[in-house]
Amino acid sequence: MMASKLSGAAPNPTPLRATYGFAAFIFNTCIIILYLLWAFLPDSWLAMMRFTYYPRRYWAIAVPTYLVTALLMFGFWFYPALQAASVPEEYYKQKFKKN
């Protein structure tokens, strides 16, 4: 009976999880390859491949920069502030109590 409860939470993938994981891997690989091609190929090559409408190259640098900035702000400012806000008030009363 205990083994049946633990088998659902086992780290080894079920066939359905393995299929979804493989599909996600293939999709993400294709997206990264397309992003790198768009970021590094000259406009003339993209025109030869009949890609005529695509975002400006500014976004090839701006989007990763914005994402890293957001991650750093979360990691160094928002997350510690959230942890400080979750400390019970009694802790502060005991810690900073006047003698």
Side-chain angles (χ1 to χ4, degrees):
M1 177 146 168
M2 186 65 136
S4 65
K5 283 185 178 181
L6 294 177
S7 64
N12 56 343
T14 62
L16 185 63
R17 276 178 47 193
T19 303
Y20 284 151
F22 181 70
F25 170 74
I26 295 297
F27 176 76
N28 287 329
T29 303
C30 291
I31 292 297
I32 288 172
I33 289 172
L34 286 174
Y35 172 77
L36 292 174
L37 288 175
W38 163 68
F40 291 112
L41 284 180
D43 288 336
S44 60
W45 285 35
L46 293 174
M48 278 188 342
M49 293 186 286
R50 309 242 184 222
F51 289 114
T52 57
Y53 180 75
Y54 45 84
R56 292 185 325 168
R57 300 290 165 96
Y58 163 80
W59 295 107
I61 299 297
V63 170
T65 303
Y66 292 152
L67 289 175
V68 168
T69 303
L71 181 65
L72 289 174
M73 284 182 66
F74 178 79
F76 290 115
W77 182 77
F78 183 73
Y79 187 70
L82 186 64
Q83 293 301 317
S86 67
V87 174
E89 190 175 330
E90 293 82 26
Y91 173 78
Y92 288 114
K93 286 181 181 175
Q94 292 173 359
K95 185 151 180 90
F96 299 111
K97 189 167 104 175
K98 291 183 180 179
N99 292 332

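- Ile33 and Leu41 fall within the same hydrophobic cluster, defined by Ile, Leu, Val, Met, Phe, Trp and Tyr side-chain heavy atoms under 4.5 Å apart, directly or through other members.
- At most 12 non-hydrogen atoms from other residues, nucleotides or ligands lie less than 6.0 angstrom from CD1 of Ile61.
- Atom-to-atom distance recorded for Phe78:CZ and Leu72:CG is 15.5 Å, nearest 0.5 angstrom.
- Rounded to the nearest 0.5 Å, atoms CE (Met49) and CH2 (Trp45) are 8.0 Å apart.
- At a threshold of 4.5 Å between side-chain heavy atoms, the hydrophobic network of Ile, Leu, Val, Met, Phe, Trp and Tyr places Phe76 and Phe74 in two separate groups.
- Between the OH atom in Tyr58 and the OG1 atom in Thr65 there is a gap of 8.5 Å [rounded to 0.5 Å].
- Atoms CH2 and OH, from Trp59 and Tyr66 in turn, are 5.5 Å apart once rounded to the nearest 0.5 Å.
- Of all the heavy atoms in Asp43 and Arg57, the pair that sits closest is OD1-NH2, 2.9 Å.
- In this structure, CG on Leu37 lies 12.5 Å from OH on Tyr54, to the nearest 0.5 angstrom.
- Heavy-atom minimum distance, Trp38 versus Arg56: CZ2-O, 3.1 Å.
- Under the 4.5 Å side-chain heavy-atom criterion for Ile, Leu, Val, Met, Phe, Trp and Tyr, Met73 and Val68 are members of distinct hydrophobic clusters.
- Between Tyr79 and Gly75, the shortest heavy-atom distance links the atoms CB-O, 4.4 Å.
- Atom CG of Leu36 is separated from atom CD1 of Ile31 by 11.5 Å, given to the nearest 0.5 angstrom.
- Atom OH of Tyr35 is surrounded by more than 12 heavy atoms from other residues, nucleotides or ligands within 6.0 Å.
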